[in-house]
Amino acid sequence: MAAAAPSDVLVTNGSPATPFSQNKQNEPAVAIDAHAPSVVAAGANEEIDMESCAAGAPNTCPFTAGVGVSGIYLSSTGGTSWTQPMYTGWSARACLVGPAACQPTVGPIGTLPRYYEAGLVSDGDPGLAFGPRPDASGHFAWANGSRLYYANLTANFGATRTDQTFKGFEAIAVSHTDDLAGATAGHNAAWSAPVLVSKQSSTTFSDKEQIWSDNAASSPHFGTTYVCWASFRSQEKGNALPTPLIVARSTDGGATWISKQVGPATDNGISGQPDGCTVRTDSHGVVYVFGVGRRNGTSFEMMYRSTDAGAHFTGPTLITSVVPPGVFDTVQGRPVMDGLGGARVDLAPAPSVDIANGAPSGTDATNQIVMTWSDGANGLNRERLMVATSRNGGTTWTGPDTVPLPTGDRPVYTAPAISPNGSDAYIVVNAFTTVYQDNTTAPRGLVGEVLHSDVVGGALTGFTSIHRGAVGDPRGSSANALTDEFLGDYVYAAATRAGVVAVWNDTRDAAHCPSVDAFRAALYSNPNATPPSIVPGCPATFGNSDIRSAALPDPTP
């Protein structure tokens, strides 16, 4: 086992190292309470409550029906330590061995509570945001305390149409807590019941959502909370078209939501609407929504903008063209960073964005926008970490510029954070440390790294590494179907005036399995190859992907 690098800690510290897939986490998100920066929350796709691969057929590792995967982790120490609460809900974590089918029951869960009782399943893709709490009259003020919002995908708990809570395949839901102490202690009642945000039809698959709460008291829309997502409207036809960008807003603390379609719905090989969205606000309450879409067959990072709290949007502004990193894989039908079952990459690299909005007061905001992504325009094994900034509300941009990484690092997922006063910029990146592999027998490397740059007069003075985690082998990660490595689709960071908290996917404690390696390679000549038995055929820690974090001070205060 690789030694833990200094300064990073395990966020998912309540999850087991074995068995698969209970030991699998990915797609981390993090949020800092601007009013109380020692309070930090993280989320991830968390499979602690799933059945073991040894329950039922030993070569299948299914998602257990009805069991949620939206993990929540809380810190009162600024992200230097974490608590993974245990709640009560629909659980299969006791389904460890046996030839019979797993029988989930009400029991301990390590994911969001109150979904089972609402006829729903928390389905991951977490988004978290802190905002001010409203008082009894609906007035928002930091003096009322803080509210943590958690947005995620949700499915119906009931398997038949008559038992379904909503129409369609996946919806967007948001729950919240004002009681961080109770939520940390594992009290279900500390959380609100989930509220459905997306408007659903029988063909709708809502996906890739993100949430933000206007947390600068200088804003005329202070306390308004926004969720953006892509609405795939023809999922049952197998082509998931059309796909409009949707933004919903809540002015009452998440109790009710009004949704707005942003831009057209058309989506084809020539033109497509923004996906993989990010939503932010500046100190004046202007709403910015970013995503990656297509125009005339070329992928662009795009931006929409609203000056009336999301009632109307202008755009899109085409910021820059982008190319996915890695190469297209014929078996997975999407780009990958390595061949023969390597980790997937987005069909186009979605932008990650942050804005120096001066929260909690907004008085020292520069409103500088920082955007990062991983780009493959230079070709295989020459993937680049890119950054662009704007000081005038996205009207003009500086960059894109290449951020230097250690020789050999190939960035795949990245996210920026800028201090509320705009003095410091940070980037977290997951990077492959090995060149593209055309076999499954050679070791592969994956690392998490955090970079920092001072910002002087709006200019980035140059990024340097302030933390590099331990390298792990991504072959030890896995999709539940075992066909390929799985790291999810993103990493995340959030900054204060004093430093940054970054979270990333980590495989340092995951062991690869030679029989799974061989199975993944076999799929390229035999799509009907039989998966191997995971128990006892693989090391105990196969699949043990984790979320780790680093809470780092500003190196140039």
Side-chain angles (χ1 to χ4, degrees), residues 127 129 131 151 197 208-216 218-231 243-251 257-267 271-295 299-322 348-359 362 365-373 387-400 415-418 420 422 458:
V197 177
K208 296 185 182 298
E209 93 296 339
Q210 197 184 80
I211 190 169
W212 180 256
S213 188
D214 189 335
N215 60 354
S218 57
S219 166
H221 311 299
F222 179 52
T224 300
T225 301
Y226 304 91
V227 179
C228 65
W229 71 91
S231 180
T243 314
L245 173 68
I246 307 294
V247 177
R249 68 186 188 276
S250 174
T251 59
W257 297 83
I258 299 173
S259 62
K260 170 78 174 179
Q261 180 174 313
V262 180
T266 55
D267 197 351
S271 293
Q273 308 317 310
D275 190 11
C277 67
T278 294
V279 59
R280 288 290 188 274
T281 55
D282 66 18
S283 65
H284 308 297
V286 178
V287 186
Y288 301 83
V289 183
F290 299 83
V292 60
R294 291 184 308 280
R295 289 297 183 268
S299 294
F300 287 91
E301 309 292 31
M302 299 180 178
M303 181 190 77
Y304 282 92
R305 192 170 180 268
S306 172
T307 58
D308 56 5
H312 303 88
F313 283 87
T314 58
T317 298
L318 306 185
I319 300 171
T320 183
S321 61
V322 292
S352 295
V353 182
D354 201 18
I355 300 179
N357 72 344
T366 65
N367 292 316
Q368 183 161 358
I369 306 171
V370 179
M371 179 173 67
T372 64
W373 67 96
V387 62
T389 71
S390 175
R391 293 267 288 185
N392 56 11
T395 302
T396 60
W397 292 80
T398 300
I418 187 167

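Side-chain contact between Val387 and Met371 is absent, with no heavy atoms from C-beta onward closer than 4.5 Å. Inter-residue side-chain proximity for Ile369 and Tyr288 is flagged as met; some heavy-atom pair is nearer than 4.5 Å. In this structure the side chain of Val287 never reaches within 4.5 angstrom of the side chain of Arg305, judged on heavy atoms. When side chains are defined from C-beta on, Phe313 counts as touching Val247, because their heavy atoms get closer than 4.5 Å. Using a 4.5 Å heavy-atom cutoff, the side chains of Val227 and Glu209 are in contact. Inter-residue side-chain proximity for Thr281 and Val286 is flagged as unmet; no heavy-atom pair is nearer than 4.5 Å. Looking at Lys260 and Ile246, their side chains never come closer than 4.5 Å, going by heavy atoms from C-beta outward. Two residues are said to be in side-chain contact when any heavy atoms from C-beta on lie closer than 4.5 Å; Phe290 and Met303 meet this criterion.
Annotation: the span from Tyr226 atom OH to Cys277 atom SG amounts to 14.5 Å, rounded to 0.5 Å. From Ile258, atom CD1 reaches atom CZ of Arg249 across 4.5 Å, with rounding to the nearest 0.5 Å. Expressed to the nearest 0.5 Å, how far CG of Leu318 lies from OG of Ser299 amounts to 11.0 Å. Distance check, rounded to the nearest 0.5 Å: CG of Asn215 to OG1 of Thr224 gives 11.5 Å. Here OG of Ser259 is found 5.5 Å from CH2 of Trp229. Values are rounded to the nearest 0.5 Å.
For the pair Gln210 (side chain) and Val279 (backbone), a donor-acceptor distance under 3.5 Å is present. Side chain of Ser321 to main chain of Phe300: no donor-acceptor pair is present (N/O by atom type, distance under 3.5 Å, no hydrogens or angles). Formation of a donor-acceptor pair under 3.5 Å by the Arg295 side chain with backbone atoms of Gly272 is found in this model. Looking at Asp214, its side chain never comes within 3.5 Å of a backbone N or O of Thr225 through a donor-acceptor pair. The main-chain N or O of Ile418 is found under 3.5 Å from a side-chain atom of Asp354 such that the two form a donor-acceptor pair. With hydrogens and angles disregarded, a donor-acceptor distance shorter than 3.5 Å links the side chain of Thr278 to the backbone of Pro351. When atom types are taken as modelled, the side chain of Ser219 and the backbone of His221 share a donor-acceptor pair closer than 3.5 angstrom. Between the side chain of Gln368 and the main chain of Gly458, a donor-acceptor pair closer than 3.5 Å is present.
Across all their heavy atoms, Gly394 and Thr317 have their closest contact at O-CG2, 4.2 Å. The minimum heavy-atom distance between Met302 and Ile319, with the atom names listed, is C-CD1, 4.3 Å. Taking each heavy atom of Leu245 and Tyr304 in turn, the nearest pair found is CD2-CD1, 4.0 Å. Of all non-hydrogen atoms in Gly223 and Ser213, the two that sit nearest each other are O-OG, 3.9 Å. For Pro220 against His284, the heavy-atom pair with the smallest separation is CD-O, 3.2 Å. In plain terms, the two heavy atoms of Asn357 and Trp212 that are nearest each other are ND2-CZ2, 4.1 Å.
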side-chain contact (heavy atoms from CB on, under 4.5 Å) between Trp397 and Thr320, intermediate numbers included: CA-CA 9 Å; Trp397 292 80; Thr320 183; over 6 Å; no
Val292 and Val322: CA distance, side-chain angles, deciding distance, side-chain contact (heavy atoms from CB on, under 4.5 Å) verdict: CA-CA 9 Å; Val292 60; Val322 292; 3.9 Å; yes
